[in-house]
Amino acid sequence: MVAALRVEALTKRFGAFKALDQMSFVLEQGEIHALCGENGAGKSTLIRCLSGLWPHSSYDGQIWVADQIAHFSGIKDAEKAGIAVIYQELALVPDMTVAENLFLGAEPTRWGLVQWDPIYQQASLLFRELGIELDPTQKIGELGIGQRQLVEIAKALMKKSRILLLDEPTAALTETEVETLLRILGQLKAHGVSCLYISHKLDEVLSIADRMTVIRDGCTIATLTAENASKAELIRLMVGREIDQLFPKRKSQVGGCVLQVQELTVTHPQTHEPVIKDLSFEVKAGEVLGVGGLMGAGRTELALHLFAGWGNRTHGALVFCGKSWPETDPHRSIHAGMMYVTEDRKGQGLVLDQGIGFNISLAALDQVGWFLDVDQEQTINSNFFAQLQIKAPHLETPVQALSGGNQQKVVLAKALATHPNLVILDEPTRGIDVGAKLEVYALINAMTDAGKAVILISSELPELMGISDRILVLSRGRKGGEFSASEADQEQLLEAAMCHA
């Protein structure tokens with residue numbers, strides 16, 4: 001059988017730098033093939049070549065679709081060849097309906113008028129075939145992220161795409177939404193659709209992929225079958241070394257209490273419904289307090305209230321560094337020694353079109369004088385640039401040009417530049433590869449070694465158990481349980497997360 005897609009000796013250069021270096025792999029008909037590699041390994045570059053975003057004249061090597069050499073001059077050529085890309089950042093119009101998005105740019109017309117009835121009928125038929133519960137008349141803006149992801153896949157199928165390139169499709173999905181997506185991909189595979197699947201979630205990759213190709217520094221390292229692959233082997237191939245311990249041990253000494261939360265109740269600023277309910281806990285210097293819970297448990301709302309005064313405190317009190325802590329704002333929190341690292345690094349944590357140095361010093365400008373001391377700012381930025389080993393040519397490199405892992409290092413450097421006593425990390429490893437995760441974990445250890453207190457919010461139970469000293473589990477805004485990380489297991493944590501559901 002002819003392969004659905006074949007890449008032969010693909011090389012893509014940016015000046016003297018090779019983003020892809022003689023890369024080769026084969027995607028079979030009706031196969032789910034995972035592409036694994038660290039941030040910066042070349043995955044995004046490959047997707048841009050396969051999708052026609054970078055035309056065939058801009059790279060060396062060959063791309064075959066079925067038995068034809070592909071000479072894509074643009075995205076439309078790739079779509080005509082049956083290739084569709086499902087990006088993590090979805091390209092849908094929020095104010096239009098689901099069906100309107102499916103047919104956008106390809107609406108059936110008669111005598112110059114759009115035929116709406118066939119549009120909604122075909123959308124409903126496709127959803128029934130896929131087992132998707134979606135209303136074609138509902139607006140995209142009313143849907144959750146998981147539902148929008150399914151609309152993107154349906155949109156690709158409506159264009160008769162036979163090859164799907166999925167770039168981190170589950171990064172922002174709940175477990176239930178992930179299960180639905182993987183079920184749909186299994187159905188598509190059974191109908192002969194081929195999927196190239198990119199994900200940093202190796203457990204997910206091992207559960208869905210027929211084969212996995214590992215790339216490193218733009219080169220193909222190995223292709224493994226599902227039967228021969230393991231998480232440990234994939235990690236070893238991705239980073240080029242053995243990793244005996246994914247979560248490095250910490251030698252920090254736990255000190256005095258940095259933050260006390262006493263019977264805290266916080267209501268939503270618009271609905272006035274309670275989001276945090278009668279919650280008490282404490283965090284000590286040199287300690288990592290993990291915060292877990294299901295989606296909607298109130299984890300981010302808690303972090304935002306502590307740092308930025310989000311919501312209305314109707315009961316309870318906070319004590320930070322020995323002082324009563326009233327409802328506040330980010331500027332006061334930074335001055336007092338508290339820093340929050342948002343889960344949305346692109347939308348809220350970084351100024352993407354500005355340089356690395358600009359972003360690092362952004363929250364700490366008052367530390368370089370009333371009139372900006374450029375030399376002192378440069379020294380601070382250079383120190384963090386070197387200390388965190390940010391991979392970029394120089395401090396002026398725009399952060400939008402960095403890999404996800406290096407963008408996350410810039411966000412962390414911005415937090416550390418304020419010299420905080422307490423750092424609140426909200427999903428600090430979301431969307432970054434294994435190698436970058438290891439560097440973030442090492443940085444967390446460095447924070448606690450320096451006597452800082454850390455609150456770590458994470459949806460990944462192994463991460464909570466591997467990095468935390470203690471774990472606080474929230475359930476619908478209440479304390480579901482509090483555990484020593486060395487004694488907790490995943491079943492206990494899940495039970496605690498659902499105890500108030």
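Predicted model, so just to flag it, every value in this text is computed and none were measured.
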(request) List the steps and the verdict of side-chain contact (heavy atoms from CB on, under 4.5 Å) for L46 and Y59. (result) CA-CA 10 Å; L46 175 65; Y59 55 79; over 6 Å; no
Between [X] and [Y], does at least one N-O distance fall below 4.0 Å, as a salt bridge requires?
X	Y	result
E142	K139	no
D167	K43	no
D426	R299	no
E439	K409	yes
E460	K437	yes
D203	K231	yes

Just by modelled atom types, is the [Y] backbone N or O under 3.5 Å from a matching donor or acceptor in the [X] side chain?
X	Y	value
D21	C219	no
R250	I467	yes
T342	G349	no
D60	L10	no
R13	L20	no
S199	V205	no
S475	R478	no
D77	S73	yes
Q354	P398	no
H191	V193	no

(request) Tell me, please, whether F14 has K12 positioned over its six-membered ring: NZ or CZ under 6.0 Å from the ring centre and within 45 degrees of its axis? (result) yes
(message) Could you go through L234 and L224, starting from their C-alpha distance and side-chain angles, then the distance that decides it, and tell me whether this counts as side-chain contact (heavy atoms from CB on, under 4.5 Å)?
(response) CA-CA 9 Å; L234 287 174; L224 308 176; 3.9 Å; yes
(message) Go through it in stages, so that I can follow the logic: the residues are L237 and E233, the test is side-chain contact (heavy atoms from CB on, under 4.5 Å), and I'd like the CA-CA distance, side-chain angles, deciding distance and then a yes or no.
(response) CA-CA 6 Å; L237 292 169; E233 178 66 2; 3.9 Å; yes
(message) Tell me whether the rings of Y340 and F307 are parallel (<30°), tilted (30 to 60°) or perpendicular (>60°).
(response) tilted
Could you tell me if the side chain of [Y] sits less than 4.5 Å from the side chain of [X], heavy atoms only?
X	Y	result
L35	I215	yes
L289	L472	yes
I75	E79	yes
M465	F247	no
L185	Y197	yes
F483	Q492	yes
Q400	D353	yes
I63	R6	no

(message) Taking CG in D217 as the centre, count heavy atoms belonging to other residues, nucleotides or ligands within less than 6.0 Å. Is the count above 12?
(response) no
(message) Tell me if the NE2 atom of H71 is crowded by more than 12 foreign heavy atoms within 6.0 Å.
(response) yes
Roughly how far, to the nearest 0.5 Å, is [atom2] of [Y] from [atom1] of [X]?
X	Y	atom1	atom2	answer
I390	N406	CD1	CG	7.0 Å
T300	E343	OG1	CD	4.0 Å
D95	I140	CG	CD1	10.5 Å
R148	N101	CZ	CG	9.5 Å
L92	L143	CG	CG	8.5 Å
M339	L425	CE	CG	10.5 Å

(message) Between F25 and W64 (judged by ring centroids, cut-off 6.0 Å), do the two rings come close enough to count as a pair?
(response) no
Could you tell me which non-hydrogen atom of [X] sits nearest to which non-hydrogen atom of [Y], and how far apart they are?
X	Y	result
I86	E152	CD1-O, 3.6 Å
V440	P428	CG1-CB, 4.3 Å
F72	G52	CB-CA, 3.9 Å
S51	V85	CB-CG2, 3.4 Å
A70	V65	CB-CG2, 4.2 Å
C195	L27	O-CD1, 3.6 Å

May I ask you to check whether [X] and [Y] show a side-chain donor-acceptor distance below 3.5 Å?
X	Y	result
T137	D135	yes
S459	E427	yes
S194	H33	no
E463	T429	yes
Y120	T97	yes

(message) Show, in sequence, the C-alpha distance, side-chain angles and deciding distance for V288 and M447, and conclude whether the side-chain contact (heavy atoms from CB on, under 4.5 Å) test is met.
(response) CA-CA 9 Å; V288 177; M447 292 180 194; over 6 Å; no
(request) Check step by step if salt bridge (charged side-chain N to carboxylate O under 4.0 Å, His left out) holds for K189 and E31. (result) CA-CA 6 Å; K189 170 186 168 181; E31 178 188 36; over 6 Å; no
